[in-house]
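Predicted model, so just to flag it, every value in this text is computed and none were measured.
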Amino acid sequence: MEGTFGFTARINMKGDFIASVRGPLGIELVRLLGVGNEIAAIDRFNRTVYIGEKDEFLRKNGLPDDFIKILFGDMPVMYGAQYEPVNRNEILVRVRENDTVREVSLCIDEMKVCRQKIESALSGHELSMQFSDFKSDGGMKYASLIEMNEKKSKLHVTVKIDELVTGYDETIEFNLPPYSRSSI
């Protein structure tokens with residue numbers, strides 16, 4: 001699927017999230033919901049709820065547990081990492097975690113992650129993420145342009161953040177519509 005889509009997301013301090021993807025006419029196509037370890041994708045068009053456990057979904061798709069955190073270019077916690085200076089502005093950090101190899105490029109001038117590659121031997125997925133056009137708003141620095149590529153599924157997503165509002169700390173309820181159900 002190609003085109004320009006609207007994306008609105010709220011993530012509270014517990015890491016629970018709700019996100020909405022809207023099509024060109026402003027019609028909600030998909031709503032994503034994650035509370036605790038439960039995750040759901042609500043397909044409004046086909047009236048189907050895809051539901052499962054967040055950790056199982058991430059593992060099956062070769063994604064690390066801290067995927068939501070790294071989406072904003074924050075440095076993941078990495079034990080046993082190897083650090084290698086690339087140039088005056090970049091440090092490459094490599095780590096192997098179980099069946100996953102992660103390479104993170106830190107941009108010194110931004111003090112943020114500017115690239116990340118995650119390879120999963122178990123699932124065969126290879127996800128590359130590029131973070132750029134950093135902005136500061138409300139004391140938080142974030143990449144306003146995020147590009148993600150996944151080789152196995154040939155997925156390419158570009159996210160452009162026009163505005164980021166921080167401080168959302170309301171409870172997110174795991175309420176699902178009475179659509180047909182399918183496992184993620």
Side-chain angles (χ1 to χ4, degrees), residues 1-3 5 7 9-12 14-21 29-46 48-84 86 90-107 112-132 142-143 145-161 172 174 176 179-184:
M1 186 176 346
E2 289 188 32
F5 299 88
F7 179 78
R10 293 186 176 132
I11 303 169
N12 67 17
K14 292 188 244 176
D16 297 339
F17 66 89
I18 186 168
S20 175
V21 179
L29 303 172
V30 176
R31 179 171 288 193
L32 305 171
L33 187 60
V35 177
N37 195 37
E38 294 181 285
I39 189 168
I42 303 165
D43 178 351
R44 299 286 190 192
F45 186 73
N46 294 308
T48 304
V49 174
Y50 300 93
I51 190 166
E53 294 181 358
K54 188 175 7 176
D55 57 358
E56 180 60 29
F57 173 78
L58 292 172
R59 186 173 35 259
K60 185 168 74 173
N61 290 288
L63 300 170
D65 294 338
D66 57 0
F67 182 71
I68 299 298
K69 180 180 178 180
I70 64 174
L71 252 179
F72 292 99
D74 291 335
M75 180 65 181
V77 176
M78 297 169 52
Y79 299 104
Q82 299 172 337
Y83 296 83
E84 176 185 324
V86 175
E90 188 175 344
I91 296 173
L92 183 64
V93 183
R94 287 190 185 107
V95 69
R96 178 176 295 279
E97 302 165 322
N98 301 321
D99 72 325
T100 304
V101 175
R102 189 186 276 197
E103 291 183 355
V104 178
S105 292
L106 299 170
C107 289
K112 291 295 249 181
V113 172
C114 49
R115 276 189 309 282
Q116 185 160 184
K117 185 166 114 179
I118 303 164
E119 296 178 54
S120 172
L122 182 65
S123 69
H125 288 87
E126 183 179 311
L127 176 69
S128 298
M129 301 171 71
Q130 179 89 22
F131 305 93
S132 58
Y142 63 95
L145 185 61
I146 304 166
E147 291 190 55
M148 293 180 277
N149 290 293
E150 202 291 311
K151 282 188 177 182
K152 184 177 179 180
S153 61
K154 297 179 183 172
L155 174 73
H156 176 84
V157 176
T158 300
V159 177
K160 184 175 184 292
I161 301 173
I172 296 174
F174 199 76
L176 302 175
Y179 295 169
S180 63
R181 305 286 168 120
S182 184
S183 294
I184 289 184

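- One distance of note links CZ of Phe131 with CD1 of Ile146; it measures 6.0 Å at 0.5 Å rounding.
- Interatomic distance, Leu58 CG to Glu53 CD, rounded to the nearest 0.5 Å: 11.5 Å.
- You'll find the side chain of Ile51 reaches within 4.5 Å of the side chain of Leu176, heavy atoms only.
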Report task. Evaluate the side chain to side chain contact (heavy atoms under 4.5 Å, CB included) criterion for residues Arg94 and Arg102: first the C-alpha distance (whole Å), next the side-chain angles of each, then the deciding distance (0.1 Å), finally the verdict. Result -> CA-CA 6 Å; Arg94 287 190 185 107; Arg102 189 186 276 197; over 6 Å; no
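- Rounded to the nearest 0.5 Å, atoms CD (Glu103) and NZ (Lys117) are 5.0 Å apart.
- Between Glu90 and Arg115 a salt bridge is recorded (basic side-chain N to carboxylate O distance below 4.0 Å).
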Report task. Check the pair Glu84, Gln82 against side chain to side chain contact (heavy atoms under 4.5 Å, CB included), reporting the backbone distance first and the verdict last. Result -> CA-CA 7 Å; Glu84 176 185 324; Gln82 299 172 337; over 6 Å; no
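- The side-chain heavy atoms of Val101 and Val95, taken from C-beta on, include no pair separated by under 4.5 Å.
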Distance-only donor-acceptor pairs under 3.5 Å for side chains of residues 32-45, two or more places apart:
from	atom 1	to	atom 2	distance (Å)
Asn37	OD1	Lys54	N	3.4
Asn37	OD1	Asp55	N	3.0
Asn37	ND2	Asp55	OD1	3.1
Asp43	OD1	Phe45	N	3.1
Asp43	OD1	Asn46	N	3.0
Asp43	OD2	Asn46	ND2	2.8
Arg44	NE	Glu28	OE1	2.8
Arg44	NH1	Tyr179	OH	3.4
Arg44	NH2	Glu28	OE1	3.2

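- For Arg96, the CZ atom sits in a loose shell: 12 or fewer heavy atoms of surrounding residues, nucleotides or ligands are nearer than 6.0 Å.
- Heavy-atom contacts from other residues, nucleotides or ligands closer than 6.0 Å to CD of Glu56 number more than 12.
- Taking OH of Tyr50 as the start and OG of Ser180 as the end, the distance is 7.0 Å to the nearest 0.5 Å.
- Here the rule is side chain to side chain contact (heavy atoms under 4.5 Å, CB included) with Phe7, and of Val30, Ile161, Val21 only Val21 fits it.
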Requested in this report: Apply the test side chain to side chain contact (heavy atoms under 4.5 Å, CB included) to residues Met148 and Leu127: give CA-CA distance (whole Å), side-chain angles for both, the deciding distance (0.1 Å), then the verdict.
Outcome: CA-CA 7 Å; Met148 293 180 277; Leu127 176 69; 4.3 Å; yes
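- In plain terms, the two heavy atoms of Arg10 and Ile172 that are nearest each other are O-CD1, 3.8 Å.
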Report task. Before giving the answer on side chain to side chain contact (heavy atoms under 4.5 Å, CB included), spell out for Ile118 and Thr100 the whole-Å C-alpha distance, their side-chain angles and the decisive distance to 0.1 Å. Result -> CA-CA 7 Å; Ile118 303 164; Thr100 304; 3.5 Å; yes
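- To the nearest 0.5 Å, atoms CD (Gln130) and SG (Cys114) are separated by 7.0 Å.
- Counting heavy atoms from C-beta on, the side chains of Val157 and Glu147 never come closer than 4.5 Å.
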Query raised in the report: Ser120 and Asp99: side chain to side chain donor-acceptor pair (under 3.5 Å), yes or no, with the steps?
Result: CA-CA 6 Å; Ser120 172; Asp99 72 325; 3.2 Å; yes
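- Using a cutoff of 4.0 Å between basic side-chain nitrogens and carboxylate oxygens, Lys152 and Glu150 are not scored as salt-bridged.
- Annotation: the span from Tyr83 atom OH to Ile91 atom CD1 amounts to 9.0 Å, rounded to 0.5 Å.
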